[in-house]
Student: 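Please read through the structure below; I'll follow up with questions.
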Amino acid sequence: MAGTAGTGGTGGTGRTGGIRTAPAVGITTAALTSVALLSHSAQAAPSAPVKPSLEEVRKKVDDLYHQAGAATQKYNAAKEKTEKQRKKADRLLDDVARRADRLNEARQELGSFAAAQYRTGTASHTATTMLAEDPQGFFDQNHLADRLTERQKKTVDAYRTQQASATKQRTEATRSLEKLGDSRDDLRTSKRTVQKKLGEARELLSELTAGEKARLAAIERAKEREAEHEAEELARKERQEKDQGAGQQGADSGSGSSPGSDIRSGSNTGPGSGSGADSGPGSTDGSYATKAAKVIDFAEAQIGKPYVWGATGPDSYDCSGLTQDAWKAAGITLPRTTWDQVKAGTTVSTADAEPGDLVFFYDDISHVGIYIGDGKMIHAPKPGAKVRVESIYNMPIHSMARPA
């Protein structure tokens, strides 16, 4: 019996201690085969990339437009710097040419002196001095200077002055041209950045189906309605504050308890007769209101014109180009970029905002609009859009400023 058991342990039936093992080997082989097949299948057919949701697309496109807006301001700054540098370089080159003419005239006069001395036989070292490329060493010798007449001395001094000035201007002109080259490089870089961001945004939008574009437009409209609601709330508060202010002024006028009210009105008809022209913090005087009215009239006339990055009118605008041109209509010159425009006026709070004020957006101050009251503004929004009226709450507000 023992021999038979030993034979079973080493034979084809695969028993170990009376347990059959052959089926386990078959299962393991099958499992390994399945894993290998699954692995091969995974390598042969990778899963398709997950398509972003419409909200993700909207946020990405908005972010690209924001980046393009910031790059546009860099482009505007580089363009402005390039134009200034070009004008400076042209001015310096013109000056160099004028100085060269004067230098030639002085050289000719010195040459006439030398020729005269040669004809009279007194040229010697004086003629050499006059016509030398570097006469300074000769001029420092007293015995030569003594031989020059008063007129000749003045001519020599004028020549030396013109020569030094021309050398200085040539050096400055060379440096100016080098800076101009750097400015043009910055301009090209900014332009490429804007075009790249806008291209990425267009590509994202082009991948959407007609149905997706319609749903995306619906999301945008819902976002605009939310911003409009915030604007309405601000308008309601503004009206409430004005009504309260008017009621308080009326009470002060009726009771005659407003000290010095006759001074504010500019008349002397007795206490309580004033007009109460100063309406408290945040109010603006008539001069600003008049300018602001011109600004808003101009901006309203531009509604419907296309946004074009880098444009300053009259057929198209970017955001800061519109604000610059609108305030120019009121006689105020604003800088070109949003980054400089925000520094050009007095900062005011949203609660104290008045029509005509500039409202700036985003942490990087890359967008600007013209406040028209009731929580709304006129602005040139983004590529593909037109100048329009919108709620100031469509974008995160950075600050507000009063230019004049």
Side-chain angles (χ1 to χ4, degrees), residues 46-79 187-231 299 302-323 337-339 359-370 376-398:
S47 58
V50 179
K51 188 174 181 178
S53 67
L54 282 178
E55 182 60 24
E56 289 173 333
V57 171
R58 185 189 69 81
K59 288 181 178 179
K60 180 63 176 175
V61 169
D62 282 351
D63 184 54
L64 285 169
Y65 280 144
H66 173 206
Q67 292 177 42
T72 296
Q73 294 307 312
K74 289 183 180 179
Y75 171 85
N76 292 340
K79 185 177 181 181
L187 187 64
R188 283 190 289 267
T189 299
S190 299
K191 183 176 182 178
R192 284 194 296 268
T193 302
V194 174
Q195 292 172 332
K196 180 175 181 291
K197 298 300 179 183
L198 294 180
E200 290 176 10
R202 284 193 294 267
E203 185 177 355
L204 273 174
L205 292 173
S206 69
E207 293 173 355
L208 298 178
T209 65
E212 288 172 332
K213 289 178 180 178
R215 292 198 297 275
L216 182 61
I219 293 173
E220 288 288 348
R221 286 193 296 271
K223 183 172 175 281
E224 289 172 5
R225 283 194 296 271
E226 183 180 345
E228 288 292 335
H229 177 70
E230 290 189 65
Q302 313 314 310
I303 290 175
K305 291 184 178 180
Y307 173 101
V308 174
W309 65 272
T312 57
D315 300 322
S316 57
Y317 289 95
D318 65 16
C319 65
S320 56
L322 176 62
T323 52
T337 69
T338 54
W339 304 321
V359 53
F360 298 89
F361 299 92
Y362 301 110
D363 290 340
D364 58 2
I365 322 177
S366 56
H367 191 71
V368 63
I370 301 166
K376 295 183 179 180
M377 66 176 171
I378 297 174
H379 72 142
K382 60 185 177 182
K386 295 179 179 180
V387 176
R388 63 194 182 199
V389 175
E390 275 190 320
S391 166
I392 62 173
Y393 296 105
N394 268 340
M395 294 166 282
I397 297 173
H398 175 275

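The model shown is predicted, which means the values in this text are computed figures rather than measured ones.
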Student: Within a strict 4.5 Å, meaning less than it, do heavy atoms of the Asn76 and Trp309 side chains meet?
Tutor: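 Result no, sub-4.5 Å side-chain heavy-atom pair not found.
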
Student: Rounded to the nearest 0.5 Å, what separates atom NZ in Lys191 from atom OG1 in Thr72?
Tutor: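 Going from NZ on Lys191 over to OG1 on Thr72, the span is 12.0 Å.
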
Student: Does this structure show an ion pair linking Glu55 with Arg58, if we count only N-O contacts that are shorter than 4.0 Å?
Tutor: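 The answer is yes: the pair qualifies as a salt bridge.
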
Student: Are any non-hydrogen side-chain atoms of Asp318 and Tyr307 less than 4.5 angstrom apart?
Tutor: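 Result yes, sub-4.5 Å side-chain heavy-atom pair found.
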
Student: Do any pairs count as a side-chain hydrogen bond (donor to acceptor under 3.5 Å, both in side chains) and have a residue in residues 384-396, sequence neighbours left out, and if so which ones?
Tutor: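 For residues 384-396: His379-Glu390, Arg388-Glu390, Glu390-Asn394.
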
Student: Answer whether the closest heavy-atom distance between the side chains of Val368 and Val359 falls below 4.5 Å.
Tutor: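 When only atoms from C-beta onward are counted, Val359 and Val368 do not touch, as no gap falls below 4.5 Å.
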
Student: Considering residues at least two apart in sequence or located in another chain, which fulfil the salt bridge (Lys or Arg N to Asp or Glu O under 4.0 Å) criterion with Glu212?
Tutor: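 So Glu212 forms a salt bridge (Lys or Arg N to Asp or Glu O under 4.0 Å) with Lys51.
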
Student: When rounded to the nearest 0.5 angstrom, what distance separates OG1 in Thr189 from OH in Tyr75?
Tutor: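 Spacing of OG1 (Thr189) from OH (Tyr75) equals 12.5 Å.
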
Student: Look only at the side chain of Lys305 and the backbone of Pro314, and say whether a donor-acceptor pair between them is shorter than 3.5 Å.
Tutor: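 Confirmed, Lys305 side chain pairs with Pro314 backbone.
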
Student: Say you draw a straight line from CD of Glu224 to CD1 of Ile219; how long is it, rounded to the nearest 0.5 Å?
Tutor: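 If we round to the nearest 0.5 Å, Glu224:CD and Ile219:CD1 are 12.5 Å apart.
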
Student: Ser316 side chain to Gly313 main-chain N or O, any donor-acceptor pair under 3.5 Å?
Tutor: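 Not a single qualifying donor-acceptor pair exists.
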
Student: Distance check, rounded to the nearest 0.5 Å: Ile370 atom CD1 versus Leu322 atom CG?
Tutor: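 Spacing of CD1 (Ile370) from CG (Leu322) equals 4.5 Å.
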
Student: Tell me if a side-chain donor or acceptor on Thr338 pairs with a main-chain N or O of Ile365 at a distance below 3.5 Å.
Tutor: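 A pair under 3.5 Å: yes.
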
Student: How would you list, by chain and number, every residue that makes a salt bridge (Lys or Arg N to Asp or Glu O under 4.0 Å) with Arg188, sequence neighbours excluded?
Tutor: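 Applying salt bridge (Lys or Arg N to Asp or Glu O under 4.0 Å) to Arg188 gives Asp185.
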
Student: So do the side chains of Ile397 and Phe361 get within less than 4.5 Å of each other, counting heavy atoms only?
Tutor: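 Sidechains of Phe361 and Ile397: in contact.
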
Student: Answer yes or no: is there a donor N or O on one side and an acceptor on the other, between the side chain of Trp339 and the main chain of Asp364, under 3.5 Å?
Tutor: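 Yes; judged by distance alone, with no hydrogens or angles, the pair exists.
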
Student: Nearest 0.5 angstrom please: His398 NE2 to Phe360 CZ, how far?
Tutor: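 Output value for this atom pair is 9.5 Å.
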
Student: Examine His66 together with Tyr362 and report whether their ring centres are nearer than 6.0 Å.
Tutor: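 They qualify: ring centres under 6.0 Å apart.
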
Student: Could you tell me if the side chain of Gln73 sits less than 4.5 Å from the side chain of Cys319, heavy atoms only?
Tutor: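 With C-beta onward as the side chain, the pair touches.
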
Student: Looking at Glu200 and Lys60, does any basic side-chain N land under 4.0 Å from a carboxylate oxygen?
Tutor: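 No.
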
